Every structure is written in C-alpha cells, then in structure tokens.
Amino acid sequence: MKKSDELKAEYDLRRLGQGVRGKYYDEYEKGTNIVVIYPDLTATFPNTRAVNDALRKLLQSIEQPVI
C-alpha cells in the first residue's frame, strides 16, 4: 500500500473555514488535573463521578473529629 500526501476527494478543506489562533489558549493556561486510574481500579471507579464521589467521602471522614 502506497502512502500519499494527497487528501482524498471527500475531504473538502473549504468547509473547515479559517483556523483561529489561540482558540484554546485560555483553557490551556488554566491547567488541568488529569489523573490516571490503574486498570485494577477501573471496575470500582469507572468514571469521573465515581472517583470524585469517593474522594469527597474520604475527605469528609478525614475532616470529622474522632471522638
């Protein structure tokens, strides 16, 4: 199979419009908090909400004074 730098006919660059310089700059400057969940934990924490809920409960238990 030969690779080519040519675009396929179905790709119409005119439909893309003009690019916008710095479109995501503000978001980039805010930063991000990406955390990788190990595969053995994904069954228990399958999505962002599950992770955040568990962390909030952990924080609540730590912040409660022990009597």
Side-chain angles (χ1 to χ4, degrees):
M1 183 173 178
K2 183 179 175 184
K3 287 196 167 194
S4 173
D5 288 337
E6 299 286 323
L7 289 176
K8 293 181 179 179
E10 62 262 25
Y11 296 119
D12 183 4
L13 295 180
R14 293 172 293 174
R15 293 183 64 197
L16 291 177
Q18 287 288 91
V20 178
R21 186 177 181 97
K23 183 176 181 179
Y24 299 105
Y25 180 78
D26 290 336
E27 290 298 317
Y28 173 78
E29 282 295 302
K30 289 179 188 175
T32 181
N33 291 331
I34 295 176
V35 177
V36 177
I37 304 296
Y38 290 124
D40 61 320
L41 296 172
T42 57
T44 305
F45 305 105
N47 55 42
T48 301
R49 185 175 183 168
V51 173
N52 286 322
D53 288 348
L55 289 172
R56 284 190 181 97
K57 287 178 184 176
L58 177 63
L59 282 175
Q60 286 175 352
S61 69
I62 292 171
E63 292 172 354
Q64 297 295 324
V66 178
I67 301 175

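The structure presented is a predicted model; accordingly, all values stated were derived computationally and were not measured.
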Which residues share a side chain to side chain contact (heavy atoms under 4.5 Å, CB included) with [X], sequence neighbours left out:
X: Arg56; value: Asn52, Asp53
X: Leu13; value: Leu7, Leu16
X: Lys8; value: Glu10, Tyr11
X: Leu58; value: Ser61, Ile62

Please tabulate, for the side chains in residues 44-51, all donor-acceptor contacts under 3.5 angstrom to protein atoms that are two or more places apart in sequence or on a different chain.
residue : atom : partner : partner atom : Å
Asn47   : OD1  : Arg49   : N            : 3.2
Asn47   : OD1  : Ala50   : N            : 2.9

Please collect all salt bridge (charged side-chain N to carboxylate O under 4.0 Å, His left out) contacts where either partner lies in residues 13-23, sequence neighbours excluded, each pair once.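 As it turns out, the salt bridge (charged side-chain N to carboxylate O under 4.0 Å, His left out) pairs with a partner in residues 13-23, which skip direct neighbours, are Asp12-Arg14.
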
If you look only at pairs with a residue in residues 28-46, which of them pass as a salt bridge (charged side-chain N to carboxylate O under 4.0 Å, His left out), with sequence neighbours excluded?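 Matches after skipping sequence neighbours: Glu27-Lys30.
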
